[in-house]
Amino acid sequence: MLEAKDSEKTPLEKLGEFGLIDHLTQVFTLKQPSTEFGIGDDAAVLKFKDKNVLVSTDQLLEGIHFDLSYMPLKHLGYKAVVVNLSDIYAMNGIPTQVTVSMAVSNRFPLEALEELYSGIQLACEMYQVDLVGGDTTSSDRGLYLSVTAIGQVEENESVYRNGAQPNDLLVVTGDLGGAYMGLQVLQREKEVFKVNPNNQPDLEPYSYIVERQLKPEARKDIVSLLKELDVTPTAMIDISDGLSSEILHLCSKSKVGCMLYEDKIPLDPTVISACEEFKLDSTMVALSGGEDYELLFTIKQEDFPKIKGNPNLTVVGHMTEADRGAHLITRNEQSIPLKAQGWNSFG
Ligand code: ADP
Ligand code: MG
């Protein structure tokens, strides 16, 4: 999109700040009963009655968190919303509203921001959340995005990082490592493209992992699944950075240790084959890769029969007394301390 002739594009100055906000947000509709008033005044008005309110913010900086040479703007908008919603689900809550703030340089024409907002809108539709505000300013270069997600949870039903107990089972949703391997594929294609711009990449064999990177989904289904199964996690976190560092967060907040079993870590076959191709260890990728946005939680042992056999949930280990530390038990039964930054740190 950015490569099209400048003359075909609408410079942002043409609309002015208010015209721009109006233009970008007019297609959004409000769906949540808790939204009293959305965009258009000094503040949005929300009404939550007897629920507890959850608030979480994430920032995304061009060049640090995303690279527009392989991340289409629509996907960026979608991902920026989804990663915030994931934090609300990780509290056992339901997201209801988002705000989106951006700083944007004049290198972006209106059409680029329309793409960005079409992704934001799609995420709002998919997850049934209302866009209720934000802020718009200019930057001297690059794109900066900040999304705040607001959600609700029944009183006494929030699940924190600090509730895990020794002997609780450690459970992960979905599969891990896909987003990181998708990034490896995209980065490789970018290098190939630099050398030969006529080379059209065939990403088809990698579609699952590329999608995990470009269009991640938050585990909206898990909060309701756990309710249906009548299981309340004792602690929960979303996997944004990699299994290893999230386990260490649960351990330190809950003051427990952990045994994680290598042979239990759920991996998609396409992740395993991509790891072989890139000569990477699939366990390391799952431990340190990040951006999978799966949920990691602990449950009481007595709840095991309720989750057993569910294709979305895998028991990967159990919690221990704190003084036993956090360890990976490898396939050949070696015990290796978990580290937050996985690469090469296992020696
Ligand atoms: P103020 O000057 O009081 O901060 P603004 O002019 O920045 O107000 O915003 C006007 C309205 O537009 C507010 O409701 C604000 O939340 C909303 N808004 C501003 N920027 C954005 C954006 N990038 N996305 C969505 N809503 C926005
Ligand atoms: Mg403002």
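In each ligand, atom 1 is the first atom listed, and ligand 1 is the first ligand listed.
In plain terms, the two heavy atoms of I222 and L313 that are nearest each other are CD1-CD2, 4.1 Å.
If you look at Y117 next to ligand 1, the close heavy atoms, those under 4.0 Å, all belong to the side chain.
Scanning T136, D22, V132 for the heavy atom closest to atom 21 (C) of ligand 1 points to T136. With distances taken over non-hydrogen atoms, the option nearest atom 7 (O) of ligand 1 out of D135, L145, L113 is D135. For atom 17 (C) of ligand 1, the choice among V104, I39, V98 with the nearest heavy atom turns out to be I39.
Between K9 and E111, no side-chain nitrogen of the basic residue sits less than 4.0 Å from a carboxylate oxygen of the acidic one, so the salt-bridge criterion is not met. Contact check on R188 versus E191 returns no salt bridge, with no Lys/Arg side-chain nitrogen under 4.0 Å from an Asp/Glu carboxylate oxygen. Here D303 does not pair with K300 in a salt bridge; the nearest charged N to carboxylate O distance is not below 4.0 Å. Ion pairing between R212 and E294 holds under the 4.0 Å rule for side-chain N and carboxylate O.
Counting atoms of ligand 1 from 1 in the listed order, those under 4.0 Å from a heavy atom of F18 are 6 (O). Counting atoms of ligand 1 from 1 in the listed order, those under 4.0 Å from a heavy atom of D42 are 3 (O). Atoms of ligand 1 lying under 4.0 Å from at least one heavy atom of V100, given by number and element, are 22 (C), 23 (N), 24 (N). Distances below 4.0 Å separate heavy atoms of T25 from the following atoms of ligand 1: 25 (C). Those atoms of ligand 1 with a heavy atom of G133 less than 4.0 angstrom away are 16 (O), 25 (C), 26 (N), 27 (C). Heavy-atom contacts of D41 reach the following atoms of ligand 1: 13 (C), 14 (O) (cutoff under 4.0 Å).
For the residue pair Q213/K79, the side-chain donor-acceptor check at 3.5 Å is satisfied.
The salt bridge (charged side-chain N to carboxylate O under 4.0 Å, His left out) contacts involving residues 40-62 comprise K51-E154, E62-R107, where partners must be two or more places apart or lie in separate chains.
Checked by distance only, ligand 1 and G40 come closer than 3.5 Å through their nitrogen or oxygen atoms.
A search for side chain to side chain donor-acceptor pair (under 3.5 Å) contacts involving E333 returns nothing, not counting sequence neighbours.
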